[in-house]
2 protein chains.
Amino acid sequence: MIRLLLVDDQHLIRAGLRMLCDAQPDIEVVGEADNGREAIALAARLIPDVVVMDLRMPGVDGITATSRILADRPATRVLVLTTFGDDDHLYPALTAGACGFLLKDAPPADLLDGIRRAAAGDSPFSQEVLRRLVQRAVHARAETPPPAQGLTAREQDVLNLVAEGLSNTEIADRLHIGVTTVKTHITSLMTKTNSPNRVRLALFARGA
Amino acid sequence: MIRLLLVDDQHLIRAGLRMLCDAQPDIEVVGEADNGREAIALAARLIPDVVVMDLRMPGVDGITATSRILADRPATRVLVLTTFGDDDHLYPALTAGACGFLLKDAPPADLLDGIRRAAAGDSPFSQEVLRRLVQRAVHARAETPPPAQGLTAREQDVLNLVAEGLSNTEIADRLHIGVTTVKTHITSLMTKTNSPNRVRLALFARGA
DNA sequence: GCGCGCCTCCTCCCCGGGGAGGAGGCGCGC
DNA sequence: GCGCGCCTCCTCCCCGGGGAGGAGGCGCGC
């Protein structure tokens, strides 16, 4: 049973969502809030599995409520449900820790699917939003730095991630190799590029 | 009925996928290919709705096959299914036009779900992959750097030297202060600029 | 078959980086 | 005189970064 907290300042929307969810055997709406302040308080008291969170609300908004709720209980799945899918809503929400982002014009079946996937640890996004996320990620990837020479392919991989400011552990995870292997590559990179420390290595990678 | 083309060089995997899909009332496997060249030919002849595409294959690889198939029929949904989820597989696949990206260690139910969602116009991604995509998109968005406000004069001095790649001892010598003092400033800088490590701090200083 | 480079991972070891939690001196505005 | 922010430096502590010196597996060219 998924314990759900609904947060939206429009009563009608809460009512619709509640009716929809109450008809599901695996979802239980444990509370409703019509602003961020109340959402924070209710989340602390009711400990829901999933919070369906509106963004634009009077007083404390959904972004603030999201980060506060997650600061308190990081395991909570906050699923944003909003009318506005533009970047200025999307990215603050993701930075605040929202696990997914759905638009209110989605069909009811998608909402329910999203709630279930959020509860299962997945990250549901509306198609339109996901497309933009992927586009931006691909675009950002394309901007990654020009190569240096004399480095092996793997060393170049590691170097790029050092240049992004990742730790050895993060690099290991990203490349699916061991931390010791990362260290080996970095030792080799530092001698090859004549860098006395990691920051210099990062600067080298960026052509600085 | 979803018309599906399976592309994978490992016979065993094709067999497993076929068995899985044949058991579904709404999916029909219309063909199989064990390399990219054959995939391109079969896609042109069979006009599948969805292509489940492996990446590493002898001869023509999955990336090339994906872009060729989509150049021919853009409406085709190419869903990558691979063992390797790292960036060097992911981004080329997305650039080539893949609509989704699943890892082979996913449970069978997720595979079927992914095929159905791909057919429906959605973009299925493995959680791990999606997390990275979102991270990178958020990170790219953050390129518009949050203002560096609130630094004291001395913190700014230290920050400039960190950005040049100096060690704490070198910074201390340069500014004629103790190493512990340098550490104090750096700790303060890292919290103020929200940097998890020294490289990120240096990048922050450089507006990267 | 052999050597070679690359990639992977290992142990042993140590220092520098960084967090937590202080304290004292100074100049400033009120 | 008092509070305050800044700069300075301290201890205690620990982990991550990085050096030294290995090893095995793999694919490649010869």
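Values below: every heavy atom of this structure, side chains too, minus hydrogens, waters and symmetry copies. Just so it is clear: chains get the letters A, B, ... in the order the sequence lines come, proteins before strands, and each one is counted from 1.
Whole-Å rounding puts the Asp157(B) CG to dT8(D) C1' distance at 14 Å. Residue Arg200(B) contributes atom CZ, which lies 17 Å from atom C1' of dG17(C) at whole-angstrom precision. Atom pair Lys192(A):NZ and dC7(C):C1' shows a separation of 12 Å (rounding to whole Å applied). Look at CZ on Arg198(A): it is 9 Å from C1' on dG18(D), rounded to the nearest Å. Whole-Å rounding puts the His185(A) NE2 to dG5(C) P distance at 16 Å. Going from atom CG of Asn197(A) over to atom C1' of dG17(C) covers 11 Å, rounded to whole Å.
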Secondary-structure string, 5' to 3', Watson-Crick or G-U under 3.5 Å, | for another-strand partners, for DNA chain C: ||||||||||||||||||||||||||||||

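An OP1 or OP2 oxygen of dC9(C) is reached within less than 4.0 angstrom by a side-chain nitrogen or oxygen of Thr181(A).
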Test salt bridge (Lys or Arg N to Asp or Glu O under 4.0 Å) applied to Asp8(A) and Lys104(A), step by step: CA-CA 11 Å; Asp8(A) 200 304; Lys104(A) 283 188 181 168; 2.8 Å; yes

Evaluation steps, side chain to side chain contact (heavy atoms under 4.5 Å, CB included), between Leu133(B) and Leu90(B): CA-CA 9 Å; Leu133(B) 274 176; Leu90(B) 173 59; 4.2 Å; yes

Worked check of salt bridge (Lys or Arg N to Asp or Glu O under 4.0 Å) between Arg116(A) and Asp113(A): CA-CA 5 Å; Arg116(A) 293 195 178 97; Asp113(A) 182 49; over 6 Å; no

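Applying the side-chain contact (heavy atoms from CB on, under 4.5 Å) test between Val52(B) and each of Leu17(B), Ile13(B), Leu5(B), Leu111(B) identifies Leu17(B) as the sole match.
Residue Arg154(A) has its side chain nearest to dC7(C) when only dG17(D), dC7(C), dT8(D) are considered. The side chain of Thr180(B) lies closest to dT11(D), out of dC7(C), dT11(D), dT8(D).
Within the 3.5 Å criterion, the main-chain N or O of Arg3(B) finds a donor-acceptor partner in the side chain of Asp49(B). The main-chain N or O of Ile2(A) is never found under 3.5 Å from a side-chain atom of Asp26(A) such that the two would form a donor-acceptor pair.
Residue contacts shown for Thr152(B) are limited to sugar-phosphate atoms, with no base heavy atom under 4.0 Å away.
Screening residues 63-78 of chain A for side chain to side chain donor-acceptor pair (under 3.5 Å) gives Asp61(A)-Thr64(A) as the qualifying pairs, with residues at least two apart or on separate chains.
Under the side-chain hydrogen bond (donor to acceptor under 3.5 Å, both in side chains) criterion, Glu32(A) pairs with Arg14(A), Arg18(A), not counting sequence neighbours.
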Protein proximity profile, nucleotides 19-30 of chain C - base contact B, sugar-phosphate-only contact S, no contact -, cut-off 4.0 Å on heavy atoms: S-----------

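Using a 4.0 Å cut-off on heavy atoms, the residues of residues 158-179 of chain B that approach DNA chain D are Ile177(B), Gly178(B), listed by number.
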Show the atom names and distances, to 0.1 Å, of all donor-acceptor pairs under 3.5 Å that link a side chain in residues 176-189 of chain B to residues at least two apart or in another chain.
residue, atom, partner, partner atom, Å
Thr184(B), OG1, Thr180(B), O, 2.9
Thr187(B), OG1, Lys183(B), O, 2.9
Ser188(B), OG, Glu155(B), OE2, 2.6

